[in-house]
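To start, the structure under review is shown below, and the notes come after it.
Quick caveat: nothing in here was measured; it's all calculated off a predicted structure. Every chain is numbered from 1, with letters handed out A, B, ... down the list of sequences.
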Amino acid sequence: MYNSKDIEEKWQKQWDKDQLYKTPEHPKKKQYILDMFPYPSGAGLHVGHPIGYIATDILSRFTRMSGYDVLHPMGWDAFGLPAENYAIQSKVHPRITTRQNTDRFREQLKMIGLSYDWSHEINASDPEYYRWTQWLFLQFYKKGLAYKKEAYVNWCPKDQTVLANEQVIDGKCERCGTVVVQKLLSQWFFKITDYADRLLEGLEKLDWPKPIKLMQKNWIGRSEGAEIDFLLERKFKYVFLHGFDGSSKGSFWPWLINELENKKIQSLIFDLPNTNNPTEEEQVGFVLRNAQFDENTVIVGHSLGSVVGLKVIEKLRVKIAGYVAVGGFLEPKFKDHPRIFENSFKWNFDFNKIKANTGFRKVISDLNDEVVPAEQGRLLAKDLSGDLVETAAQKSHFQGRMEPAVMDAILPSIKVFTTRPDTLFGATYMVLAPEHPLVEQITTPEQKNYVINYVIETKKKTELQRTALEKIKTGVFTGAFTVNPATKEKIPVWIADYVLATYGTGAIMAVPAHDQRDREFAEKYKLPITDKPLLSVAEAIKKFGRAKVQYKLRDWLISRQRYWGAPIPIIYCENCGMSGEAGSASGGQMIPVPEEDLPVLLPTDVDFLPTGESPLARSKKFNQVKCPKCNGPARRDHDTMDTFVDSGWYFFRFTDPHNDKVFADKKKVKEWLPVDTYVGGADHAVLHLLYARFFTKALFDLKIVGFEEPFLKLRNQGNILGPDGTKMSKSRGNIVNPDEVVDQYGADSLRMYEMFMGPFEDAKPWSTTGIVGVKRFLDKVWRYQQVFEAGPDNKQIHKLVKKITSDIENFKFNTAVAAFMEFLNENKIMSKENWETFLILLAPFAPHITEELWQQLGHKESIHKQVWPKFDEKLTKEKMVAVVVQVLGRVRATLQVPSGSDQTVVKKLALADAKVKKNLEGKEIVREVFVQDKLINFVIK
RNA sequence: GCCGCGGUGGCGGAAUGGCAGACGCAAUCGACUCAAAAUCGAUCGACCGCAAGGUCAUGAGAGUUCGACUCUCUCCCGCGGCACCA
């Protein structure tokens, strides 16, 4: 028996003092071995936590001894909800609890003898760290990768914050299990969808567990298919209004009218009076006198015609179907000749009246317009609450002879995404998501109330209810019909919440003959199912649509309405918020905080009570800010960033943790990264691991780093379960505390037992009796030092070197520990030299006891500075081998023969064996199977 | 529902086409001891047999093979992921 406590504490102090694990400033031959960034919880470690740390520690020690410079750091993912929730209860500031918790964690990790270089320690909640989180946000912002938009987002009513899709599990909050609801909010997103394809392709080269790759692949959810347009069946009557200096024969009009005639659609176009010198009264009056308007009329105006259209609609006594502005504007500001109509038209509009008088409104604007600024289209669409289509016209300002975009805009069509364009003939109805933007436009007056009620009902449901297990499909008819482009049949348009607004186009063609869901819906609502012949995918795409790739992945929502996180470094200035400027929002113009003003510090004068608004909004200090542009009073963004943003880049910071000039020195990043071996739990498969890959790719595009994949090799540790075989948890009362285990058996025993329990990646229960096995082994090692003497046992030690080396490389730590035990069982006597080799092999597993024994042998230098032993392949081979003799596949004898013996020799010996002879008696050998050094099998008849 | 991983003694597990159960725990017996602990030695899948030996056995059933825990198919059970993704 040895006293683990004395020697473990002694050597831990000594190693600290000697800076044994100091990372070299610049590596010659590097390995970066990393554990996933832990959250320092208040409960401290249980024995399940360090299993991965022990594995990376063994690997790091082994790798150092094999001649590499190793970066093996540890730090804290210290921002997050638990510290904040604790603060709400206890009134203790998260900064204080975080400090206490990290101190506790560090102490426990040191107790286990882990060889981290603590001079590289980082903490995500430290301003020195989150300054660079904010800096990275600004780089993303500049590149358009960080943007703010209004969208339906996941909202946790308990934690009072929004969540990313990845953080909603089974419709519930990942943190607290509360059912998540959908809210329409303006939030910050990272544009991870831009990287969908690269995130998918990048997986191929990585040495990662297959299930993790598959989960990421499924999460990205790429599917190839087609987008197909279904034209609305409703017969509109068009009234066309040409622009300044135009005519019914000018620009695209003759082509458009001809196209509509072919489709048997009614249209009317005038030559407006005084086209070179128009006045509002004259033109509007002309239109009102010469055209008739009813519920099917659509007014389409080009350029100044769109203004005439608006003025006409203001004066109508009837409601019309819709209004389309092509290259329209609402102020006489032109690029070529400014303010030409300033006085002949009145530049104010009664938009409320216009909206009330029109079923739908649409603005189509040319992004390369040389006459009307594209901005005018945006403003017009906004004031109209209409759809905006920004496109590139054939000729600037839609002055081409043919403008297909105009056709698309005026003939309402519904786009669907399908992976089965070949079943187009079988599409017998169509379904839109209740949130689809066209719902209002296409619904007929008779169906309006039903549709409105259904949409309201849908909004009340949570995401969980919408996707509930029963999956009872509901829906309502809009009154509208579209035309199936393949069969030319009229098919009804429904809305139903089994169609998701957020995927594809938010609309589907329903093929009940081929799709289970569509069939269920069709049966319930008595919609036709008729089975039509298939056409080929290629043919369908070519004739009726265009190829399209869709992803399930959505952009990463990073705003959190909580306190304990990195503030989003954006300022809003009303003064600078000139209308129309890109980036303006209702709260003023968005201005990124200048880099030299970082970090935006978390204020201390806040209470943390979550109210749905970020606690930062209630800080006086935080909100006393001047606009960096105009120096006037301004307002800060009150939200903080998702903690997964902090952990998205921490592995860069570890290379250069205290740099106050850059987020990490370029040279150091280049020297150490990417991470060679990364170890952590499989629960981060689509969270942290996807985000970190996105970060790295984005930084690659920003030319900040020179590689695209952060983690070359990934291994997941299996959970250690409680002794009862269930997950360790406070509520079950089955938590095993490592402090007690170390106290009773020592850190070396804890380390070796965790490695011995079973395969590294499997879940396995802790056994309170099982650990005594490794403790007995270490006691045996301790006693052995007294008894070694000369012995010719080289073969065994060479075999052991080979076995331990390959087992560490392959993460087969359990069989490595078994091999140590076996070796000692089989070698009662050995030379001092071989004993020392044994200790060196054991050192990464049991660093304390081996160091003590090593120095007792008279060595002055640490065992952990020794060179990893090499083995001689020849010496690992046995001279004599056991060869099995089988008759009909059944073992009848075992022979000891010189290794490498050939078939004739083995056969001769086998046939001489009495038992074999007996089994072969009177039988004919029809075949012999011989595997050298393994077996010979006689097949008899 | 779909996708993935797994199922081996009383227990944790080993063996990835070639002697199933390495290594460890627990258990039983023995040595040492006045005794206990520690340590050392032996036994340890089931069944038949005094023994030599034989038969069965890796969730169930089939198949491929001279030979299957290992490969293929069907089913059962457990765990994890996704979940109306068109």
Picking from B/A86, B/C23, B/G67, which would you name as closest to the side chain of A/I508?
B/A86
Among the nucleotides B/A86, B/G41, B/C23, whichever has the atom closest to the side chain of A/A818 is B/C23
Hey, can you tell me if A/F820 and A/F845 have their rings parallel, tilted or perpendicular (30° and 60° cut-offs)?
perpendicular
What is the ring orientation for A/F521 with A/Y429, classed by angle as parallel under 30°, tilted 30 to 60°, or perpendicular over 60°?
parallel
Rounded to the Å, how far apart are [X] [atom1] and [N] [atom2]?
X      : N     : atom1 : atom2 : result
A/R927 : B/U65 : CZ    : P     : 10 Å
A/Y2   : B/U39 : OH    : C1'   : 17 Å
A/N218 : B/C5  : CG    : P     : 12 Å
A/L750 : B/G24 : CG    : P     : 20 Å
A/N719 : B/G6  : CG    : C1'   : 15 Å
A/K780 : B/U39 : NZ    : P     : 10 Å

Check salt bridge (Lys or Arg N to Asp or Glu O under 4.0 Å) between [X] and all other residues, then give those that pass, not counting sequence neighbours.
X      : value
A/R776 : none
A/D743 : A/K5
A/R715 : A/D207
A/K907 : A/E928

Any protein N or O atoms within reach of nucleotides 12-17 of chain B? Criterion: under 3.5 Å, listing atom names and distances.
from	atom 1	to	atom 2	distance (Å)
B/G12	O2'	A/M757	O	2.7
B/A14	OP1	A/N814	ND2	2.8
B/A15	OP1	A/K812	NZ	3.4

Side chain to side chain donor-acceptor pair (under 3.5 Å) filter on A/K877, not counting sequence neighbours, yields A/E873
What's [X] touching, base or sugar-phosphate or nothing? Going by heavy atoms closer than 4.0 Å.
X      : result
A/L935 : base
A/D683 : nothing
A/K934 : sugar-phosphate
A/T502 : nothing

Pairs where residues 750-762 of chain A contributes a residue and the test side chain to side chain donor-acceptor pair (under 3.5 Å) is met, not counting sequence neighbours
A/D57-A/R751
Using the P atom in both, what is the distance from B/U74 to B/G4, to the nearest Å?
12 Å
Between B/U16 and B/G21, how far apart are the two C1' atoms, rounded to whole Å?
16 Å
Counting just side-chain N and O atoms, does A/Y503 come under 4.0 Å of either OP1 or OP2 of B/A86?
yes
Hey, is the side chain of A/N716 poking within less than 4.0 Å of OP1 or OP2 on B/G80, counting only N and O atoms?
no
Is A/K775 close enough and on-axis enough to A/Y2, meaning under 6.0 Å and within 45°, for cation-pi?
yes
Footprint string (nucleotides 50-56 of chain B, 5' to 3'): B base within contact, S backbone only, - free, heavy atoms under 4.0 Å
----SSS
State which residues pass side-chain contact (heavy atoms from CB on, under 4.5 Å) with A/L909; sequence neighbours excluded, sorted by chain then number.
A/L895, A/V897, A/V905
Note: contacts of residues 881-889 of chain A with RNA chain B (heavy atom, under 4.0 Å) are A/A882, A/V884, A/Q886
Base of B/C84 paired with side chain of A/K473 (donor-acceptor, under 3.5 Å)
yes
For nucleotides 26-33 of chain B, give me every protein contact, N/O to N/O, under 3.5 Å, one pair per line with atom names.
from	atom 1	to	atom 2	distance (Å)
B/A26	OP2	A/R776	NH1	3.4

Could you spell out the base pairing of RNA chain B in dot-bracket, with Watson-Crick or G-U pairs whose two distances are under 3.5 Å, [ ] crossing and | to another strand?
(((((((..(((.....[....))).(((((.......))))).((((....))))..(((((..]....))))))))))))....
